[in-house]
Amino acid sequence: MTQPIGNPSHIGNLDASQLGPQPTYLPDDHPDVDARKRIDAGEEPIDVAAALPASSLAWAELADEAHQEGRLVDAYAYARVGYHRGLDALRAAGWRGAGPIPYSHEVNRGFLRALYALGRAAGAIGEGEEAARIEDFLHSSDPTAVDAIGKGE
């Protein structure tokens with residue numbers, strides 16, 4: 001045997017990158033697609049969230065607004081709604097609670113922004129343990145997401 005059993009680099013025709021959970025991509029018909037268009041066209045996020053309540057992006061936008069205005073509990077609540085709506089969508093797209101959620105896929109960004117906003121709001125209201133868990137979740141979803149969101153990308 002040329003390969004140690006405890007650290008396989010191949011199993012059959014699969015290499016190590018194919019052994020863990022595969023990335024999850026929200027579908028192109030997800031409400032965040034329409035929400036992005038409406039927000040970019042100047043519609044208020046509160047109106048977009050009312051029209052498209054399954055949009056994580058609309059809730060993330062509301063969380064960002066509330067945070068900027070110092071309404072930290074509102075920011076937490078908005079972000080939590082966006083996070084849970086995103087979890088529902090990810091599960092419907094085949095996600096099983098683990099694995100990459102690439103920020104490079106535009107439709108995933110609403111969920112990742114809501115997750116980021118939830119962590120920020122949790123920290124701001126003194127929920128340090130929750131903020132740490134969310135930071136770990138966000139990093140395991142896509143290590144590039146935090147920097148990209150922080151830069152407004």
Side-chain angles (χ1 to χ4, degrees), residues 9 14-125 127-153:
S9 62
L14 300 175
D15 67 36
S17 69
Q18 298 170 303
L19 299 179
Q22 295 303 299
T24 301
Y25 301 95
L26 290 174
D28 292 334
D29 64 350
H30 186 271
D32 279 356
V33 174
D34 191 26
R36 172 86 279 150
K37 291 176 187 171
R38 293 169 82 155
I39 290 167
D40 286 349
E43 193 168 340
E44 291 296 323
I46 193 86
D47 297 326
V48 176
L52 301 167
S55 167
S56 292
L57 178 64
W59 294 107
E61 290 275 342
L62 288 170
D64 287 347
E65 285 181 3
H67 181 79
Q68 290 167 0
E69 294 170 2
R71 297 181 294 116
L72 302 179
V73 173
D74 291 348
Y76 181 85
Y78 287 139
R80 182 155 289 287
V81 172
Y83 163 75
H84 280 287
R85 297 312 296 255
L87 287 178
D88 293 343
L90 286 166
R91 289 181 185 119
W95 186 74
R96 297 293 172 249
I101 305 167
Y103 189 79
S104 60
H105 181 63
E106 182 80 29
V107 188
N108 288 352
R109 291 181 181 183
F111 168 74
L112 294 168
R113 284 188 53 202
L115 183 59
Y116 176 91
L118 182 58
R120 178 184 61 205
I125 64 170
E127 290 287 337
E129 288 181 19
E130 182 179 19
R133 283 192 308 275
I134 291 167
E135 183 179 346
D136 290 345
F137 182 12
L138 188 56
H139 184 75
S140 70
S141 297
D142 186 334
T144 69
V146 171
D147 286 340
I149 294 166
K151 292 176 185 174
E153 296 176 2

Do you know the tightest heavy-atom contact between Pro21 and Pro100? O-CD, 3.5 Å
Looking at side-chain heavy atoms only, is the closest gap between Arg85 and Ser55 below 4.5 Å? no
Testing Glu130, Arg120, Arg71 one by one against Tyr76 for a side chain to side chain donor-acceptor pair (under 3.5 Å), which residue passes? Glu130
In the structure I gave you, are the side-chain heavy atoms of Val107 and Tyr25 within less than 4.5 Å of one another anywhere? no
Kindly indicate whether the side chain of Tyr103, heavy atoms from C-beta on, has any atom under 4.5 Å from the side chain of Ile149. yes
Positive for side chain to side chain donor-acceptor pair (under 3.5 Å) with Arg113, one of Asn108, Asp32, Asp64: Asp64
Heavy-atom nearest pair, Ala122 first then Ala131, reads CB-N, 4.0 Å
Between Ser56 and Gly86, is there a donor-acceptor pair closer than 3.5 Å when you use the side chain of the first and the backbone of the second? yes
Val48 vs Glu44 side-chain heavy atoms within contact, under 4.5 Å: no
Could you walk me through whether Leu115 and Glu135 pass side chain to side chain contact (heavy atoms under 4.5 Å, CB included), step by step? CA-CA 9 Å; Leu115 183 59; Glu135 183 179 346; over 6 Å; no
Tell me the closest heavy-atom pair linking Leu72 and Ala121, and the distance in Å. O-CB, 4.3 Å
Between Ala51 and Arg38, which heavy-atom pair has the shortest distance, and what is it? CB-NH2, 3.6 Å
Do Lys37 and Glu43 come within less than 4.5 Å of each other through their side chains, counting heavy atoms only? no
Where is the tightest heavy-atom contact between Ala114 and Ala79, given as atom of each residue plus distance? O-CB, 3.8 Å
Salt bridge check: are Lys151 and Asp147 linked by an N-O gap of less than 4.0 Å? no
Heavy-atom pair of closest approach, residues Glu65 and Pro45: OE2-CG, 3.4 Å
Looking at Glu69, I'd like to know if its CD atom is crowded, meaning that more than 12 non-hydrogen atoms belonging to other residues, nucleotides or ligands lie closer than 6.0 Å. yes
Would Ile101 and Asp142 satisfy side chain to side chain contact (heavy atoms under 4.5 Å, CB included), going step by step from the backbone distance to the final call? CA-CA 6 Å; Ile101 305 167; Asp142 186 334; 6.0 Å; no
List the steps and the verdict of side chain to side chain contact (heavy atoms under 4.5 Å, CB included) for Tyr116 and Ile134. CA-CA 8 Å; Tyr116 176 91; Ile134 291 167; over 6 Å; no
Given the rule in the side chain to side chain contact (heavy atoms under 4.5 Å, CB included) test, do Leu57 and Arg109 qualify, once you have shown the distances and angles that lead to the verdict? CA-CA 7 Å; Leu57 178 64; Arg109 291 181 181 183; over 6 Å; no
Heavy-atom distance under 4.5 Å between the side chains of Ile39 and Glu61, does that happen here? yes
Is the Tyr83 ring parallel, tilted or perpendicular to the Phe111 ring (thresholds 30°, 60°)? parallel
State whether the side chain of His105 and the backbone N or O of Leu26 hold a donor-acceptor pair below 3.5 Å, judged by distance alone. yes
If we ignore angles and hydrogens, is there a donor and acceptor under 3.5 Å between the side chains of His84 and Arg80? yes
